[in-house]
Amino acid sequence: MEIIKKSKRMISTSELLKSKGEKIGLVPTMGYLHKGHVNLIKMARTECSKIIVSIFVNPIQFGPEEDFARYPRNFKKDCNFSEKAGADYIFFPSTDEMYEKDFKTFIEVRDLGDVMCGRARPGHFRGVCTVVLKLFNIIRPDIAYFGQKDYQQLVIIKKMTKDLNIPVEIAGCPTIREKDGLAISSRNKYLSSNERENAVVLFQSLKLAEELIINGQRNLEIVKKTAVEKLESNPFVSKIDYFDFRDEDKLCEIERIDYKTARILIASAIWIGKTRLIDNILLENNF
Ligand code: AMP
């Protein structure tokens, strides 16, 4: 496995791979890799002949009060994980390499980027789209892999790719969870053991909403109220950013269960102490 730090070198390497007919899979990450990332790399391995994992904690997707400086990092462990999972290259640029001093261009996906996490984290998806487009231009992957754990991000990247005619296929991969159901995330490291134990309430509240609907509750206001009450009754939940029912593609809010969509996105973002966690499930809408 080769580690590449310079964009120029990454571009020439990718060009060479493509000229040899290799199919390039890209797995963009912010490092501190875990089983969710490893699953993305493994999925890429089944479809592509060369796998590139990018590791870059992207400063422009963090707000001024957010956790950029303390975001967990462990490059050595990331290299081991990536190699074991089947990566051929790690693209590991510095901040200066990605953003020169006079950097002025940003990508914005309107509407989709303004709701849910976009409302709680203004500018977040603008930062995500900008870095992802840069990675696409540097690496020119055939397929890029993203987790459904960050469902809104996946929808936005798909839309950007379509709107800007970017020749890349976007693959969405299932959320990998801990045994108790908590979605695995690099940010889970911030949780104390008590907080970690209680963090599963996020997944449980989503499952509760799902169960109520499956069991016949058609009033989404009641479903939401019940799920939010479950969250609020947990003393470790310090804030609820949102608990929403949304269209799986347009991300517009669903008010009635007879809404015509193949699947309903149930998504939530909460704070456990000082740690913000997100999760979602997709509910088949075939009642
Ligand atoms: P991050 O390093 O957190 O920016 O995540 C990099 C990629 O891994 C994104 O596409 C995430 O959606 C994906 N990812 C993170 N956690 C998980 C998980 N638990 N299951 C599946 N994919 C994940």
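Ligands are counted one by one from 1 in listed order, and the atoms in each one are counted from 1 as well.
- Proximity of V132 to F146: side-chain heavy atoms (C-beta onward) are separated by under 4.5 Å at one or more points.
- Checked for salt-bridge contact, K104 and D102 miss the test: no charged N lies under 4.0 Å from a carboxylate O.
- Listed by chain and number, residues touching ligand 1 at under 4.0 Å (heavy atoms only) are P28, T29, M30, H34, G36, H37, L40, Y71, F146, G147, K149, D150, Q153, P174, T175, I176, I184.
- Cation-pi geometry between K149 and Y151 is not met: the NZ or CZ atom fails to fall both under 6.0 Å from the ring centre and inside 45° of the normal.
- In terms of heavy atoms, S238 sits closest to G273 at OG-O, 2.7 Å.
- If you chain together ILVMFWY residues whose side-chain heavy atoms come under 4.5 Å of each other, Y71 ends up grouped with M30, V57, F62, F68, Y190.
- Considering only heavy atoms from C-beta on, T105 stays 4.5 Å or farther from T130 through its side chain.
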